[in-house]
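A short worksheet on the structure shown next.
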Amino acid sequence: MSRVVSMWFIITLFLVHPLAPADEVKMEEIIITATKTSHPPEDTPIPAAVVDGKEMKRRNALNAGEALGYLTGIRFDTNFAPMTRDALRIQGLPSKYTLILLDGGRITGRYPLTLIPADVIERIEVVKGPSSVLYGSDAVGGVCNIITRSPSRRPSLNGIFSYGSYGSKIFSLTHSYSFGRVGYLISTAVHRLKGEEEINWCNAENLLVKLKWGKGEQGIWTLRGGFQGVKLALKKERKFDLGLEGDLDLPGLPKLTLKYHSIFYRDEVRVGGAPKPTLTDELESRFEMQMTRNLTKRHLLTSGMEMLHDEIEGGDLPAKKRHFMISSYLQDEISLGALSLLLAGRLDYHSVWGSHFNPKVAFLYKPADWLLLRASIGKAFKSPTFKQLYRKTRHGRGGRGGRGFWIKGNPDLLPESSNGCNVEVEVRGGSLYGKVSLFRNDLRNMIQGFWLKRGEIYSYRNIGKALTQGAEMEIEWKPLRYLFGAVRYTYLRTKDKETGKEFIYSPHHRANVEISCSIKRLGLSATLVEEYVGARFEDKENRKKLPSYLLTHLMVNQSISKKGSLFLTINNLFGTRYEEIFSSEEGIKFKTGLTFKF
């Protein structure tokens with residue numbers, strides 16, 4: 001096995017090193033996350049979705065999470081109660097199997113989507129299906145990449161002020177400017193929420209700074225840094241991140257991209273309501289070298305190497321722990337006229353559990369300009385977290401006699417793994433767009449909690465097997481410039497193979513109908529969304545089934561000048577009562593505010 005690992009890294013290193021000249025393929029940069037190369041949507045062999053600024057404005061989205069709420073096969077929830085977080089589920093898999101990126105770099109924390117303001121976002125790309133072949137651990141269900149705006153050519157100032165239900169207040173401000181070959185962007189946001197209950201409040205601040213320079217043969221380099229601070233009833237977290245990315249685009253040589261990204265994350269939590277908080281510090285650093293070149297006119301080769309160093313200390317860990325991983329990947333995009341093939345593989349070598357190989361195969365067939373056929377199959381994995389491996393925490397409540405219990409890690413845990421496949425038919429023609437897709441994900445070695453000693457010690461083990469499978473359907477129609485309509489439907493079946501039961505809060509049927517009208521002359525736009533969520537189980541034993549529900553949402557946006565607009569969003573317009581994970585919802589929710597741009 002060691003010889004195979006060594007040969008793989010040698011081959012990848014040879015292909016990464018720019019030895020032979022090649023002509024770079026110039027393509028419109030629309031989707032890059034699916035293959036790490038630029039493609040228009042109709043030329044992407046991997047199932048993906050893009051949410052741009054127009055869609056975010058149509059839905060009055062204030063942050064990245066709200067922008068994703070109505071996509072097929074995707075579900076976003078958030079809550080500020082203890083032990084909750086942003087939850088982005090793709091194709092029915094729990095949110096821990098979704099990898100979230102900001103400008104291609106990993107982001108952490110409880111609210112990575114809610115705290116990114118809409119006025120700094122250029123677009124959001126969502127890749128469905130196993131994606132570990134390019135992104136490594138965690139990309140089991142898919143990848144969500146939030147791409148921020150580039151600095152503007154002229155001085156600009158964008159802002160959002162919003163007030164809504166439960167005392168929710170959001171203020172964000174973004175300034176950018178470019179002069180010569182240098183440009184910068186600075187964005188800051190403040191979030192305040194009283195919450196519907198005493199323990200549901202949240203205070204958060206975040207800052208993003210982006211510096212961009214260079215052009216032409218010298219390549220473009222981007223330096224990005226940020227800070228995020230969040231205070232909750234039983235938790236406090238702070239995060240600092242720094243990233244550098246640049247291209248070495250020299251004449252007669254392949255395109256070489258270098259990336260460095262580092263995150264420092266401090267977590268302070270009162271486990272089980274304990275009076276004394278547990279403090280944990282984690283530092284993660286990644287370096288990646290990626291090369292893209294044409295071997296021939298038919299072959300676009302992407303190869304890369306990635307190194308990870310991760311360390312954690314403090315809190316409930318017995319001592320400082322360090323992990324190291326080195327990875328390499330190869331991807332060949334083969335063009336055969338109407339048929340495009342993608343062959344890819346990734347090898348990860350970890351300092352704790354050794355090597356892990358993940359392949360992927362995909363194809364795109366275009367028998368006509370208006371008809372596309374896609375299919376893909378691949379493997380993915382998710383590494384155990386530091387806390388699952390090493391923690392030893394005293395939980396202040398529960399356990400035998402209600403006196404609390406210990407949560408103990410298991411250093412013998414193995415990575416979780418999955419096989420996934422997708423088949424998709426897409427139709428494009430004039431004002432009509434349609435798509436139907438089938439998917440399936442089989443998970444193995446799932447890490448699940450169990451009582452090592454009933455009522456006294458809780459730990460983790462690799463015992464779980466599960467599957468999610470289903471179908472997605474989407475139809476969009478734009479008969480007139482000012483009118484847009486869409487119908488989206490997701491059918492989902494889930495199964496825990498150990499128990500034979502379904503996942504909790506995983507309805508078989510989800511659908512929404514969207515109608516939007518925009519009158520440019522009046523500066524007025526209105527969007528109406530009918531959302532249906534089918535029955536779902538509330539408990540793991542599948543004994544209690546929650547009823548289906550239907551919600552109506554209204555979004556209105558009125559321009560008051562060329563520089564600003566007022567917006568109003570009313571969710572659950574008719575006050576329907578329904579239950580979802582961690583909460584019981586009732587009554588109308590609203591948000592209103594002002595956006596401006598100078």
Side-chain angles (χ1 to χ4, degrees), residues 33 49-71 74 76-78 80 86 88 100-103 107 109 111-126 144-152 156-165 168-176 185-193 202 204-210 224 226-228 230 484 514 516 518 523 525-527 529 553-560 562-571 589-598:
T33 310
V50 178
V51 179
D52 59 17
K54 290 183 180 180
E55 289 187 65
M56 288 189 284
K57 184 177 180 180
R58 190 173 72 233
R59 297 168 187 163
N60 287 345
L62 298 182
N63 54 59
E66 291 182 0
L68 300 169
Y70 302 119
L71 298 180
I74 295 172
F76 174 75
D77 296 297
T78 192
F80 294 97
D86 281 353
L88 183 64
I100 299 176
L101 308 174
L102 180 65
D103 290 328
I107 51 178
Y111 303 102
L113 296 171
T114 299
L115 299 183
I116 300 177
D119 61 351
V120 79
I121 300 173
E122 177 182 310
R123 67 185 187 276
I124 304 174
E125 299 180 358
V126 180
C144 174
N145 188 13
I146 303 149
I147 300 173
T148 59
R149 292 168 38 208
S150 295
S152 57
S156 68
L157 183 65
N158 294 31
I160 299 174
F161 174 75
S162 171
Y163 179 81
S165 300
S168 171
K169 289 176 282 189
I170 299 174
F171 177 72
S172 67
L173 200 63
T174 300
H175 167 62
S176 68
L185 180 145
I186 302 173
S187 177
T188 183
V190 178
H191 302 248
R192 295 291 184 266
L193 177 69
C202 173
E205 302 83 30
N206 62 297
L207 172 70
L208 173 69
V209 179
K210 191 173 181 180
R224 181 176 60 80
F227 165 78
Q228 189 177 102
V230 181
F484 171 83
E514 178 181 352
S516 180
S518 176
S525 66
T527 300
V529 177
H553 311 297
L554 176 66
M555 303 88 167
V556 180
N557 193 297
Q558 173 66 64
S559 297
I560 54 178
K562 293 182 179 180
K563 304 297 183 181
S565 61
L566 299 172
F567 65 86
L568 171 66
T569 297
I570 303 176
N571 291 318
K589 294 185 179 63
F590 79 96
K591 62 181 178 182
T592 185
L594 168 71
T595 65
F596 59 87
K597 180 178 181 180
F598 297 97

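These numbers come from a predicted model, not from an experiment.
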Quiz item: What pairs with S165 under side-chain hydrogen bond (donor to acceptor under 3.5 Å, both in side chains), at least two apart in sequence or on another chain?
Solution: none
Quiz item: So, S525 versus S518: side-chain donor-acceptor pair below 3.5 Å or not?
Solution: no
Quiz prompt | Lys/Arg cation over aromatic F484: R58, 6.0 Å, 45° cone | solution = yes
Self-check item: Heavy-atom pair with the smallest gap, counting every atom of E66 and N63
Solution: N-OD1, 2.9 Å
Quiz item: With a 4.5 Å heavy-atom cut-off, do H191 and V230 have their side chains touching?
Solution: no
Self-check item: Min side-chain heavy-atom separation L207-I186 under 4.5 Å
Solution: yes
Practice problem: Mind checking salt bridge (Lys or Arg N to Asp or Glu O under 4.0 Å) for R149 and listing every partner two or more places apart, or none if nothing turns up? | Solution: none
Practice problem: For residues S172 and D119, report the shortest heavy-atom separation together with the two atoms involved. | Solution: OG-OD2, 3.3 Å
Self-check item: side-chain hydrogen bond (donor to acceptor under 3.5 Å, both in side chains) partners of E205, counting only residues at least two apart
Solution: R192
Quiz item: Of all residues at least two apart in sequence or in a different chain, which pass the side-chain contact (heavy atoms from CB on, under 4.5 Å) check with S162?
Solution: L62, I170, F567, K591
Self-check item: Any side-chain heavy-atom pair of V51 and I121 under 4.5 Å
Solution: no
Quiz item: Partners of A49 by side-chain contact (heavy atoms from CB on, under 4.5 Å), sequence neighbours excluded?
Solution: L71
Quiz item: Taking the side chain as C-beta and beyond, is there a heavy-atom pair between P112 and I146 under 4.5 Å?
Solution: no
Quiz item: Atom CD1 of I124 and atom CG of L68: how far apart are they, to the nearest 0.5 Å?
Solution: 4.5 Å
Self-check item: Pairing residues for F171 by the side-chain contact (heavy atoms from CB on, under 4.5 Å) criterion, not counting sequence neighbours
Solution: F161, L173
Exercise. Apply ring-ring contact (aromatic ring centres under 6.0 Å, His included) to F227 and list each qualifying residue two or more places apart in sequence or on a separate chain.
Key: F240
Exercise. Tell me, please, which residues at least two apart from F596 pass ring-ring contact (aromatic ring centres under 6.0 Å, His included).
Key: F598
Practice problem: Could I get the full list of salt bridge (Lys or Arg N to Asp or Glu O under 4.0 Å) partners for E125, not counting sequence neighbours? | Solution: R123
Exercise. Can you sort out the partners of S559 under side-chain hydrogen bond (donor to acceptor under 3.5 Å, both in side chains), two or more places apart, ordered by chain and number?
Key: none
Quiz item: Is the shortest heavy-atom distance from the side chain of Y70 to the side chain of F76 under 4.5 Å?
Solution: no
Exercise. Can you measure from OG1 (T148) to CD (E122) and round to the nearest 0.5 angstrom?
Key: 8.0 Å
Quiz item: Who pairs with D103 by salt bridge (Lys or Arg N to Asp or Glu O under 4.0 Å), at least two apart in sequence or on another chain?
Solution: K210, R224
Quiz item: S516: what forms a side-chain hydrogen bond (donor to acceptor under 3.5 Å, both in side chains) with it, not counting sequence neighbours?
Solution: T527
Quiz item: Nearest 0.5 Å, what's the CG-CD1 distance between L208 and I116?
Solution: 8.5 Å
